[in-house]
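Quick notes on the structure that follows.
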Amino acid sequence: QVQLVESGGGSVQPGGSLRLSCVGSANSFSTAVVYWHRQSPGKEREFVAGIGSRGTPIYDPSVKGRFTISRDAKKNTVYLQMNSLQSEDTGVYYCWTQPNTWGQGTQVTVSA
């Protein structure tokens, strides 16, 4: 079973940017369906963005136009470029792939 490791979180001011990375341990990750979710304080985990096996992206309306999901197949890595960050984007960001495999999460804090 593939293992996922997220990185790239941190603290930024509103309007700032971060790029998250999710590295998969298996070569099959290069074409896997991958989702980014986040869990904000006091809220349930929610979908943020996803990328299909052919690279087609999907986004939650709250991040569309600000976040970009992409993949580097050679590095078995999926990225989440986050621009124009807002305080509402604060939370722990998790990477997910089939069959129901989660990473450990990476903290994103957006605060003035």
**Prompt:** Does the side chain of Thr90 come within less than 4.5 Å of Val108's, by heavy atoms?
**Reply:** no
**Item:** Residue pairs fulfilling ring-ring contact (aromatic ring centres under 6.0 Å, His included) with at least one residue in residues 53-82, sequence neighbours excluded
**Value:** none
**Asked** Donor-acceptor pair, Arg71 side chain versus Gly52 backbone, under 3.5 Å?
**Response** yes
**Asked** If you look at every heavy atom in Phe29 and Cys95, which pair is closest and at what distance?
**Response** CZ-SG, 4.4 Å
**Prompt:** Does Thr106 reach the main-chain N or O of Ser7 with its side chain, forming a donor-acceptor pair under 3.5 Å?
**Reply:** no
**Message:** What verdict does the side chain to side chain contact (heavy atoms under 4.5 Å, CB included) test give for Ile51 and Thr56, after you've listed the backbone C-alpha separation in whole Å, the side-chain angles of each residue and the deciding distance to 0.1 Å?
**Reply:** CA-CA 5 Å; Ile51 189 165; Thr56 303; over 6 Å; no
**Donor-acceptor pair between Gln1 and Thr101 side chains, under 3.5 angstrom** = yes
**Request:** Identify whether Val33 and Ile58 are in the same connected component of the hydrophobic contact network (ILVMFWY, side-chain heavy atoms under 4.5 Å).
**Result:** yes
**Request:** Look only at the side chain of Asn83 and the backbone of Gly16, and say whether a donor-acceptor pair between them is shorter than 3.5 Å.
**Result:** no
**Message:** Less than 4.5 Å apart, side chain to side chain, heavy atoms only: is that true for Arg66 and Ser84?
**Reply:** yes
**Request:** Hey, could you give me the CZ/OG1 distance between Arg54 and Thr31, rounded to the nearest 0.5 Å?
**Result:** 11.5 Å
**Fill in**
In terms of heavy-atom contacts, Trp96 and His37 come closest through CB-ND1, 4.4 Å
**Message:** I'd like to check Met82 versus Ser17 (side-chain heavy atoms, cut-off strictly below 4.5 Å). Are they in contact?
**Reply:** no
**Prompt:** Got a donor-acceptor contact below 3.5 angstrom from the Thr77 side chain to the Lys75 backbone?
**Reply:** yes
**Request:** Write down the atom of Pro14, the atom of Ala112, and the distance for their closest heavy-atom approach.
**Result:** CD-N, 3.7 Å
**Asked** How long is the gap from CG on Asn76 to OG on Ser28, to the nearest 0.5 Å?
**Response** 8.0 Å
**Request:** Decide whether Val2 and Trp36 are clustered together by the hydrophobic rule: side chain heavy atoms of Ile, Leu, Val, Met, Phe, Trp, Tyr closer than 4.5 Å, transitively.
**Result:** yes
**Request:** Give me the one residue out of Arg38, Gln39, Gln104 that meets side chain to side chain contact (heavy atoms under 4.5 Å, CB included) with Tyr94.
**Result:** Gln39
**Message:** Applying salt bridge (charged side-chain N to carboxylate O under 4.0 Å, His left out), can you list everything that pairs with Arg19, at least two apart in sequence or on another chain?
**Reply:** none
**Item:** Ser40 side, atom OG; Asp89 side, atom CG - distance, nearest 0.5 Å
**Value:** 8.0 Å
**Request:** Could you tell me which residues satisfy salt bridge (charged side-chain N to carboxylate O under 4.0 Å, His left out) with Glu88, sequence neighbours excluded, listed by chain and number?
**Result:** none
**Request:** Using the side chain to side chain contact (heavy atoms under 4.5 Å, CB included) rule, take Leu4 and Val23 through it: C-alpha gap first, then chi angles, then the decisive distance, then the call.
**Result:** CA-CA 6 Å; Leu4 305 177; Val23 180; over 6 Å; no
**Request:** Please step through side chain to side chain contact (heavy atoms under 4.5 Å, CB included) for the pair Val63 and Val48, ending with a clear verdict.
**Result:** CA-CA 7 Å; Val63 307; Val48 175; 4.1 Å; yes
**Prompt:** When hydrophobic residues are tied together by side-chain contacts of less than 4.5 Å, even through go-betweens, does Val92 share a cluster with Trp102?
**Reply:** yes
**Backbone N/O of Ser11 and side chain of Thr109: donor-acceptor pair under 3.5 Å** = no
**Message:** With a 4.5 Å cut-off on side-chain heavy-atom distances among I, L, V, M, F, W and Y, is there a chain of contacts connecting Leu20 to Tyr35?
**Reply:** no
